[in-house]
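Step one of this worksheet: look at the structure below.
Letters go in sequence order (proteins before strands), and every chain restarts at 1.
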Protein chains: 2
Amino acid sequence: MVGRKAKRDIPPERDVRERLIVVATELFARKGYATATTREIVAAAGVTKPVLYYYFRSKEGIYLELMQRAFKRFEDVVEASITESGGAEERLLHLCDQVFSLIVEKIDVVRLMYSIYYGPPQGAPFFDFDAVHLKLFESILQIVNEGIRKKEFRRGNADDMTWAILGAMHIIMENEFCHPELELGHGGLERILNLIFRGISIQTARRGKGGKR
Amino acid sequence: MVGRKAKRDIPPERDVRERLIVVATELFARKGYATATTREIVAAAGVTKPVLYYYFRSKEGIYLELMQRAFKRFEDVVEASITESGGAEERLLHLCDQVFSLIVEKIDVVRLMYSIYYGPPQGAPFFDFDAVHLKLFESILQIVNEGIRKKEFRRGNADDMTWAILGAMHIIMENEFCHPELELGHGGLERILNLIFRGISIQTARRGKGGKR
DNA sequence: GTCTATATTGAGATAGAC
DNA sequence: GTCTATCTCAATATAGAC
């Protein structure tokens, strides 16, 4: 047992590099990029500062790496959805559900993305969040347009319909951040989307102008 | 002209205190609470550090004051809306429009609120944003419930309907933050709300279960 | 690869003159 | 009320031993 140069002894649980990514994500999400310090990160990972600088070169380095990883996963989910079959409602429900699952899985990274995209950059280096948002918008828009073409959806402004659906996604996501005790979650998302599909008003006879604009 | 003790000479443009509030709001919104420094704030207001500490005691002090001011304005708008008359759709459109106007007017404070409510606190002192959010939720919910009672809206989960409407508000607000060039604005908000009232799907004959659940 | 110890910078806050 | 000058603390980052 003795004698062999210690080499497989070093990583106590997971790889040190991996542990750093995990705790950095958690701390950036909870305290913000600027406020979470490298001291805290290395302390939480059970190592010392130079280890972080050895693996990631800088605070910005570890931030960019954890962002890129999460973005990759998101791209995979969205791109898988564009080959789905079924009606427009069904496909939209499925896409939103899949995206929401990823959001719940990667809740820390999403919080961080969210706060930097909609809030001040907090001194964090640039990351192209618009690309993430645009990717989601366009995949929803595409399904909406197919729904209109197949006469499942009313004729009208497909962008507005996409915004309404994204609004449901966002409100559910924001509740997952700030009021998880409400437990809207997957069920709430489905109910709200169905509400948007059907409308909340009782339809009167005054409809005659079609759905344009 | 001379001889009189300089007293009305001191404020060059507006009151110094007021100028500090304005530039602090702008800087907190753009750079975040933690990142915006007291150095920058006083420099932008054309004064020196001790002036800020003289009027507001601390960085936290000026932050809390500007938040409280904006919250007061918001409360006024929402409370004015609960005495409005008209149909549920009309009242919801009006309330959302009024709130959106205030958001545009106070865009800097709203950005700051938003980023601290949904993001990490950035070291900022506690402020009860939930009270703001709850106030808006409940005034919408009240109108929705009246709509259901008066048979203008379908029977169903009034909370879900409120979330759908809030989703529209949020998505419009978020676009005002990040993509003002899209100019969704007031018109977009009205279009999306109408979409939610009417629904985006073409109604088929399969409806028989009412709106319960 | 990982440590201890330290360099360096810039933040919030204040003392004391005017 | 407003200034100049300064205190104190904590952050990122690194040098150099092991």
_Where protein sits on nucleotides 3-18 of chain D, one letter per nucleotide: B base, S sugar-phosphate only, - none, heavy atoms under 4.0 Å_ = BB------SBBBB---

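For the pair A:Arg30 and A:Glu40, the salt-bridge criterion is not met [side-chain N within less than 4.0 Å of a carboxylate O]. No salt bridge links A:Arg91 with A:Glu152; every basic N to acidic carboxylate O contact stays at or beyond 4.0 Å.
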*asked:* Run the side chain to side chain donor-acceptor pair (under 3.5 Å) test on B:Ser201 and A:Glu89 for me, step by step, so that the C-alpha distance in whole Å, both residues' side-chain angles and the decisive distance to 0.1 Å come before the verdict.
replied: CA-CA 8 Å; B:Ser201 290; A:Glu89 285 192 13; 2.5 Å; yes

_Apply ring pair (Phe, Tyr, Trp, His ring centres under 6.0 Å) to residues B:Tyr118 and A:Tyr118 and explain how you reach the verdict._
CA-CA 9 Å; B:Tyr118 287 116; A:Tyr118 287 116; 8.9 Å; no

_With side chain to side chain contact (heavy atoms under 4.5 Å, CB included) as the criterion, how do A:Leu182 and B:Asp159 come out once you've worked through the C-alpha distance, each side chain's angles and the decisive distance to 0.1 Å?_
CA-CA 11 Å; A:Leu182 295 180; B:Asp159 281 5; over 6 Å; no

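The distance between atom CZ of B:Phe56 and atom P of C:dA13, rounded to the nearest whole Å, is 14 Å. Rounding to whole angstrom units, CG of residue B:Leu20 and P of D:dG1 are separated by 14 Å. Straight-line distance from the CG atom of A:Leu52 to the P atom of C:dG1: 15 Å, rounded to whole Å. What separates OH of A:Tyr54 from P of C:dT2 is a distance of 8 Å, to the nearest Å. One interatomic measurement links the two molecules: CZ of B:Arg19 to C1' of D:dT2, which rounds to 12 Å at whole-angstrom precision. If you take OH of B:Tyr63 and C1' of C:dG12, they are 17 Å apart, rounded to a whole angstrom.
Partner of B:Asp130 under the side-chain contact (heavy atoms from CB on, under 4.5 Å) criterion, chosen from B:Leu134, B:Val132, B:Asp128: B:Asp128.
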